[in-house]
Each structure stands twice: as structure tokens, then as C-alpha cells.
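The structure appears below as C-alpha cells.
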Amino acid sequence: MSKNGISEKYEIVIGLEVHAQLRTQSKAYSGDSTEFGVAPNSNVSVLTIAHPGTLPRFNEKVLEYAVKMGIACGSEITRYNVFDRKNYFYPDLPKGYQITQDKTPICRGGAIRITLPSGQEKDIALTRIHMEEDAGKSLHLAEELDTLVDLNRAGVPLIEIVTDPILRTPEEAYWYLTEVRRLVRYLDICDGNMEEGSMRCDANISVRLKGETAFRTRVEVKNMNSFRNVERAIIFEAKRQIEAYEAGETIKGETRMFDAPTGSTYSLRNKESLNDYRYFCEPDLQPVIVSEEYLTAIKSQMPALPRELKEKFINQYGLSDYDANVLVDIKETALYFDEVCKSLSTPAQYKAAANWLTVPVKSYLNEQAIGMEEFTLPASKIVELVKLVESNQVSFSIAAQNLFPALIADPTAKAEEKAKELDLIQTSDIDAITPIIDEILAAYPAKVAEYRAGKKGIIGMFMGELRRKTQNKVDPKTASSLIEKRLEEV
Ligand code: ADP
Ligand code: MG
């Protein structure tokens, strides 16, 4: 048994389909707004519901975002794109079809590299990425007999990112989704919130005996609203299929729904009744041609991606792999750090800046329950803090505890002036510290004797006293060597 209680005899085969809702202002094939949270059915013109006589018009932003994703994944970009109608009946699809891409997905191939917690890396090969539109939403309210339909989402652009059947563990699926979310956020093409439905995942799952070369029948599982639930669904489904095979049964190709409260899946429909979408070329839209110039222009607009930034942080700023990983986890933090480093020049300063972001800034954001995008202190203030601590004028702990919040409250103030104003400047002035040390040594003759008898550790107690007497405003290096010196001399 492996750690998830899955028999070691079997291997799980997983392919994921991720729908990412694109952050465009208008819909994929009409000028209707994509604004979220407005009154139901208020972003719905005759175009969204394809009344007779209306013609769809392609939103070029959709192409731009899809191409950006393809470039980020190293996919081949399709130059001649046609749209297709995928026909099916559903109350939240008043057109009776979805405009999608069947034969000519905008991106083919490419891969997304994931890093597992063990540090092991794996390239998750992509089959394709295609552009399509979302359907509306059916609402089954408890107090209503009828199903309500909100068409605001109908026509909102999506890209569907499809992997090869190459994932092998629930954990890999989890880290793949984490990486997809990070990529779309760095590219600024989707907000990546799975809980809110702007990123959705269907998992195709089959199992086979280890060493077997052919794939077995897959089951498609829908309705997971978090990465954890995708993992749970895969674990449940793998166990269910293994049990069936062990009992001599077969698995039928079907679509199943995940039920979060029980962590189980149940059958929705079988594949036979599912697959007749009668795809045909969308007659109302012209083919979209991606020219060389267009591709070059989009390539030149690509933002820095997490892997590139991580390498830069390691190679250029000398950070550890661990620190670099923590910093690139969230785009806004990575860019902020990079901004801070532009005004710094030594590895020690870069490391100090990394500490500022990963410790005090991070705890401040946690306390305030805000994200880095809402952090108001300008990067130049972190630069000032790094330099102030480096020059021994303020200790890091005092700067983090007192000066940092004071600067957040008064961000136009200079860090050094604020430190003076708050009386936080520490002294490394020997003439000022020596009398205080002598006072302490005089007050504890027994301890001094112990020190002289060889109990060198007692120096920590003297340091503590000094810190208390000076409100922690002595430079610790100067102070400890001075205490040692006085202990030898006095
Ligand atoms: P459909 O349109 O029916 O969903 P696709 O060709 O789009 O079919 O494939 C969907 C997903 O199923 C892909 O991610 C693919 O990797 C995955 N897949 C295909 N065969 C298997 C299998 N035997 N086991 C697990 N996943 C599979
Ligand atoms: Mg599918």
C-alpha cells in the first residue's frame, strides 16, 4: 500500500483538463461585459444568446491571452485557426452550441514543469490549449421549484488546457494545478481562483498494473472546487477502479461527479451518450490567422515568469533555492523583491531584503489579512530599512518591530529620521556603553567571579542586562566584545 492506501500493484494514469476564465472586459464573441457579481442576466444582449440575424465577433484579447499561455508553455502556436460549434442542449446554453476549437487548437504540445515537495521536477506534457466560451449558470435554489438560469457567464472566454495522460500521482496533479494557477496569474490572464470557479478542473483517471504498457478505460471526474478536492477525487477513483478490477469487474467509460462532503464520486452519464457533439466549422466567424509579426509582438510583451525570476534571484542575487522559491510563489512579492534589489548591490543586502519580505512583511500581511497587491509601503522604504540595519544604526529586530509599522503609518518619512524621532538608533559608541557595562559588572560581583572561574556562558546574562538598561539599543557585536574586554580588565 502506498501512503494514500492505494495498492502498490497498480499505477494511476491521470490527464487533466483545466478551464481558465480569461480576464477580458468583454465576452469572447460579443461586446457584452464580463463583469462579475452584477444582477443576473444583465450582461446579456441578443449576441450572447445568438438571436437570428446576429453575428459573433471575435475578441482579439482572447487570442492574445491564449497565445501568451502557449508561449509560456513552449507550445507550438497554430497559425490558421478555425472555430467550431459544439452542439448540445442545456438550459444554460440558449444558443444550443458552444463556439470552441476542435481541429485547430491555438496551441499544441509544450509542457508545464512542476516541482514536487521532494524537489523532484517533472515536465507535464500538454496535448493542446484551445479557446472557447463558457456556458451560463443554472441555479437550483432550495426554496424554488424551478431552476433559475443566469446567462451573465454565457460567452465569457475560456482557455482549456489539456495534458497528456502523463500524471501518475494525486500529488503531481495538485502541484500541476498550483503551477497552472501561478502561470496564469503571472501572465495576468486569469485570476486563478478555483473556489470561485474562474479556474475549473476535470480529471481523467484510469489505473493499470505496473509495467502494463496500454492504457485502460478512463473515467472523467468533474465538480471539484479546490486543488485538495482534485487530489481526493483521484484517490477515491483510483481505489474504486482497483477494487473493481480485483473483483474481476470492468470499468466503463463515464463521467462522474465528485461529492466533497463524502469524498466520493458518483456516475453522471456514460461516455456513449456523451460524445456526439456534431462539431462543425462555425460559419459566422472567419478563420483567425496568427502572423509572424503578431507572434513577435506578443513575445516581446511577455512578462517575467516564475522560473526565470527564480533563476535570476539565485544567479544574480545569490539567494538560496529555498528563499528564491518562497519569493516567486506570489507574483507581486517576486516583483516587489526585484524592485527592492534594483537599489541594492551586495549579496548580503539581497539576502537581508529577502528576509524582510519573508518575515516581517509576510507576518504583517497575514495579520492584516491582505495580499501583497494591497501592501502600501514603497519598495524604496525596504531599501532604506536594509541599509539602516546594515550600518548598525538600528537592530533588525527593533527595525522590524517598531520602525517598520511606523513607516507603514507614515510612508513618506525617511527611515533614518523616523528611527531618530522614535529614539530607536542603537549606539556602538564605546564611551557611552562602557559606563553602563561597568555599572552592571559592579552590581553582580558573584557572576563576575563565576565568569572568571571559567563559566564563560554567563556573558549572555550581562548582555541581557545591558539590553534591558538601554532599551535594546546597543549594537550587539560592539557590546559583547566590550563586555568581554571589561571582564578581563576590571
Ligand atoms: P474528451 O474530449 O472526451 O474529454 P480528450 O481527448 O480531450 O477527450 O481527452 C481528455 C483527457 O483524458 C486528456 O487529458 C487525456 O490526457 C486524458 N486521457 C486519455 N486517455 C486516458 C486514460 N486512459 N487514462 C487517464 N487519462 C486519459
Ligand atoms: Mg474531457
Side-chain angles (χ1 to χ4, degrees), residues 6 10-20 66 69 73 75 78 84-88 90 97-112 114 122-135 158-177 179-180 199-224 230-231 233-242 244-245 250-258 265 267-280:
I6 293 162
Y10 286 85
E11 169 176 72
I12 316 175
V13 175
I14 308 152
L16 297 180
E17 297 166 85
V18 171
H19 285 97
M69 187 64 182
C73 300
S75 309
T78 302
D84 297 282
R85 286 190 186 178
K86 179 178 181 180
N87 301 281
Y88 59 97
Y90 211 74
Y97 60 87
Q98 224 178 338
I99 307 179
T100 179
Q101 293 189 291
D102 182 31
K103 297 281 186 314
T104 62
I106 178 70
C107 312
R108 297 173 209 255
I112 292 179
I114 62 169
K122 181 168 173 177
D123 280 334
I124 305 303
L126 302 183
T127 315
R128 64 171 197 268
I129 302 174
H130 63 259
M131 307 179 278
E132 62 181 24
E133 60 179 336
D134 213 340
L158 304 172
I159 49 172
E160 180 173 341
I161 308 157
V162 184
T163 74
D164 287 350
I166 198 177
L167 297 134
R168 290 291 175 270
T169 63
E171 193 189 32
E172 284 180 5
Y174 179 90
W175 290 103
Y176 169 77
L177 292 170
E179 194 56 42
V180 171
M199 206 173 116
R200 301 191 284 273
C201 173
D202 300 339
N204 296 272
I205 305 153
S206 65
V207 299
R208 62 180 175 183
L209 288 170
K210 280 192 179 151
E212 210 172 289
T213 49
F215 290 136
R216 296 194 186 178
T217 306
R218 74 184 148 106
V219 162
E220 182 173 353
V221 184
K222 292 182 178 291
N223 200 35
M224 293 81 76
V230 173
E231 264 192 303
I234 294 170
I235 294 168
F236 177 88
E237 197 47 38
K239 284 185 187 160
R240 185 187 72 83
Q241 294 182 19
I242 290 170
Y245 286 127
T250 54
I251 289 294
K252 45 181 199 310
E254 61 182 355
T255 299
R256 297 175 72 90
M257 295 292 271
F258 178 69
T265 68
S267 183
L268 182 70
R269 56 182 175 234
N270 62 30
K271 267 284 178 202
E272 286 70 42
S273 61
L274 174 76
N275 252 342
D276 195 10
Y277 290 123
R278 296 182 296 116
Y279 281 102
F280 67 88

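Each ligand, and each atom within it, is numbered from 1 in the order the structure gives.
- Between the side chains of D84 and T100, no donor-acceptor pair is found at a separation under 3.5 Å.
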N87 vs R278, test: side chain to side chain donor-acceptor pair (under 3.5 Å). Steps then yes/no. CA-CA 6 Å; N87 301 281; R278 296 182 296 116; 4.6 Å; no

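- Atoms of ligand 1 lying under 4.0 Å from at least one heavy atom of D164, given by number and element, are 16 (O).
- At least one N or O atom of P165, backbone or side chain, sits closer than 3.5 Å to an N or O atom of ligand 1.
- Listed by atom number, the atoms of ligand 1 under 4.0 Å from V13 heavy atoms are 24 (N), 25 (C).
- With sequence neighbours excluded, the residues that form a ring pair (Phe, Tyr, Trp, His ring centres under 6.0 Å) with Y88 are Y277.
- Counting the atoms of ligand 1 from 1 in the order shown, those under 4.0 Å from a heavy atom of F215 are 23 (N).
- Only the side chain of E17 comes within contact range of ligand 1, with a heavy atom under 4.0 Å; no backbone atom does.
- Looking at residues two or more places apart in sequence or on another chain, you find no side chain to side chain contact (heavy atoms under 4.5 Å, CB included) involving T217.
- Heavy atoms of E160 stay at 4.0 angstrom or farther from ligand 1.
- Taking 4.5 Å as the limit, some side-chain heavy atom of I12 sits within range of a side-chain heavy atom of P170.
- Looking only at side-chain heavy atoms (C-beta outward), R168 and K122 come within less than 4.5 Å of each other.
- For the pair R218 and ligand 1, the shortest N or O to N or O distance falls below 3.5 Å.
- The ligand atoms of ligand 1 that sit less than 4.0 angstrom from a heavy atom of L16 are 14 (O).
- The side chain of V162, and not its backbone, has at least one atom closer than 4.0 Å to an atom of ligand 1 (non-hydrogen atoms only; side chain from C-beta on).
- Counting heavy atoms from C-beta outward, M224 and D202 have side chains that stay 4.5 Å or more apart.
- Under a 4.0 Å criterion applied to the non-hydrogen atoms of R128, ligand 1 contributes the atoms 7 (O).
- When only interatomic distances are considered, the shortest N/O to N/O separation between T127 and ligand 1 does not fall below 3.5 Å.
- Geometrically, R208 does not engage Y245 in a cation-pi contact defined by less than 6.0 Å to the ring centre and at most 45° from the axis.
- Atoms of ligand 1 lying under 4.0 Å from any heavy atom of S206, numbered from 1 in the order shown and given with element: 22 (C), 23 (N), 24 (N), 25 (C).
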